[in-house]
Protein chains: 2
Amino acid sequence: MPKPTAGPPAPGDVPPRGDARAGQRRRTQARILAAATELFVATGYERTTIRAVAQAAGVDAGLVMHYFGSKQALFEQVTRGGQLPPAPSGPPDQVADQVLAQLAEALANEPVQSLALLRSMLTNPEAAHTMGEGTLRYRNQLAQAIDAPDADLRAALIIALIIGVIVDRHLLKSGPLNTTTPADIIALLRPALRTLLAGA
Amino acid sequence: MPKPTAGPPAPGDVPPRGDARAGQRRRTQARILAAATELFVATGYERTTIRAVAQAAGVDAGLVMHYFGSKQALFEQVTRGGQLPPAPSGPPDQVADQVLAQLAEALANEPVQSLALLRSMLTNPEAAHTMGEGTLRYRNQLAQAIDAPDADLRAALIIALIIGVIVDRHLLKSGPLNTTTPADIIALLRPALRTLLAGA
DNA sequence: GTCTATAAACCGATAGAC
DNA sequence: GTCTATCGGTTTATAGAC
């Protein structure tokens with residue numbers, strides 16, 4: 001069956017004036033982007049094909065290329081905006097609560113842009129590089145809130161813990177971490193985080 | 001240059017008796033396995049090609065298939081034997097030290113079989129499944145050493161922390177975690193681990 | 001025991017019809 | 001604005017020569 005004809009042409013539609021065309025284009029682009037996000041998060045960069053994205057969005061593969069230029073550019077569009085939270089600051093006492101609040105938020109609502117990056121960070125060089133830049137920024141600001149000679153190392157361990165927890169819950173999904181409420185998780189993590197933040 | 005002729009034929013060699021052939025075969029298989037391990041660890045399952053493995057081992061691509069049957073079977077051969085440490089037990093007080101000792105060992109010497117699995121666990125279903133089985137076993141035994149109603153969750157968080165640290169050090173390699181001695185790392189981790197293990 | 005040749009499938013990307 | 005057709009490249013895997 002070479003012609004599923006899903007959606008976009010809309011046989012009995014209004015005559016396409018300039019505005020209607022632009023609107024149609026925006027909506028189709030958004031549908032492609034949503035489908036690409038879902039597939040990149042689910043299977044990673046390498047296993048996600050332009051053809052599969054097009055099929056999931058109900059359009060042709062050529063159209064995806066026409067709108068986004070290349071597979072790499074499409075991936076960058078998906079992961080753009082997946083920036084980490086504004087980075088905690090202030091007195092060391094409050095930093096723990098801020099970090100835990102951000103983690104709880106990430107555990108409750110799936111941050112799809114970040115998940116697309118996380119899924120491919122071990123196998124795609126571009127994803128690894130983008131992730132590295134993001135964590136570097138976050139780590140530096142986190143280290144400033146730690147009053148200890150090994151603040152950098154402590155910040156790095158905190159980030160490793162956070163990434164491990166998020167990966168387990170949203171990506172690996174194997175174990176108790178994805179059936180437990182965020183509140184229960186951060187309650188157990190609070191004392192551990194305190195020991196890593198306690199510099200002075 | 002279609003004929004690098006690297007190694008195996010050995011022009012002026014002894015006439016291949018039965019034993020010599022078997023020895024040659026074993027050595028060639030070992031070379032292929034070593035090359036495959038290196039590439040799987042470095043770039044993951046999808047980006048590692050049979051052709052690249054063959055070239056790195058100095059043999060032909062057809063020979064790799066002849067010996068191992070398929071790419072998937074080759075990957076299983078590489079990751080087999082990558083079993084986790086015997087799992088800690090005993091009084092809760094000693095468990096922390098045992099886990100930290102195992103982690104220090106994994107941080108010092110790269111456990112290549114485990115690293116091959118870790119590299120591909122987010123993008124390859126088989127790798128994810130094998131990892132899931134391994135961590136399930138380890139988590140159950142670890143939970144038995146924790147005297148608390150939420151022992152399973154605590155064990156899962158400990159594993160998430162360990163995986164996060166190992167991934168950062170050996171795979172991502174971005175940050176202070178891969179330039180710090182294992183002793184310094186586990187020294188910072190000990191108090192955090194204690195809070196996660198403290199059930200009673 | 002090792003390699004050559006090739007099959008069969010799939011990919012990203014391009015050019016152009018409608 | 002959307003789709004058809006296709007090119008050129010790469011992959012795993014097989015069959016068979018030496």
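First the proteins, then the strands, lettered A, B, ... as listed; each starts at 1. Side chains are part of it too, since the values below use all heavy atoms of this structure and drop only hydrogens, waters and symmetry mates.
- Annotation: ring-ring contact (aromatic ring centres under 6.0 Å, His included) contacts involving residues 103-128 of chain B, sequence neighbours excluded, are absent.
- For A:Asp60, there are no salt bridge (charged side-chain N to carboxylate O under 4.0 Å, His left out) partners at least two apart in sequence or on another chain.
- For residues 155-172 of chain B, no pair satisfies side-chain hydrogen bond (donor to acceptor under 3.5 Å, both in side chains), with sequence neighbours left out.
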* **Protein proximity profile, nucleotides 12-18 of chain C - base contact B, sugar-phosphate-only contact S, no contact -, cut-off 4.0 Å on heavy atoms** => BSB----
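- Looking at B:Arg139, its side chain never comes within 3.5 Å of a backbone N or O of B:Ala156 through a donor-acceptor pair.
- At C:dT2, one or more side-chain N or O atoms of B:Thr28 fall inside 4.0 Å of OP1 or OP2 (strictly under the cut-off).
- Take A:Gln55 and apply the side-chain contact (heavy atoms from CB on, under 4.5 Å) test, not counting sequence neighbours, and it matches no residue.
- By the salt bridge (charged side-chain N to carboxylate O under 4.0 Å, His left out) test, A:Glu46 pairs with B:Arg47, sequence neighbours left out.
- Partners of A:Ala54 according to the side-chain contact (heavy atoms from CB on, under 4.5 Å) rule, which considers only residues two or more places apart in sequence or in another chain, are A:Val59, A:Ala61, A:Val64.
- The side-chain contact (heavy atoms from CB on, under 4.5 Å) search around B:Ala52 returns B:Leu39, B:Thr49, not counting sequence neighbours.
- Among pairs with a residue in residues 54-105 of chain B, those fulfilling ring-ring contact (aromatic ring centres under 6.0 Å, His included) read B:Phe40-B:Phe75, B:Tyr45-B:Phe75, at least two apart in sequence or across chains.
- Nearest nucleotide to the B:Asp60 side chain, out of C:dC3, C:dG1, D:dC3: C:dC3.
- If you take CZ of A:Arg25 and P of D:dG1, they are 6 Å apart, rounded to a whole angstrom.
- Counting any heavy atom pair closer than 4.0 Å across all strands shown, A:Tyr67 reaches sugar-phosphate atoms only and no base atom.
- Put simply, CZ on A:Arg47 is 13 Å from C1' on D:dT11, counting in whole angstrom units.
- Between its opening and closing five pairs, the helix from C:dG1-D:dC18 to C:dC18-D:dG1 changes axis direction by 0°, a value rounded to 10 degrees.
- Taken residue by residue, residues 32-40 of chain B places no heavy atom nearer than 4.0 Å to DNA chain C.
- Legend: ring-ring contact (aromatic ring centres under 6.0 Å, His included) pairs involving residues 108-138 of chain B, not counting sequence neighbours: none detected.
- Checked against B:Arg154 for a side-chain contact (heavy atoms from CB on, under 4.5 Å), the options B:Ile146, B:Thr195, B:Leu142 give a single hit: B:Ile146.
- Per the geometry, CD belonging to B:Gln55 stands 13 Å off P belonging to C:dC3, to the nearest Å.
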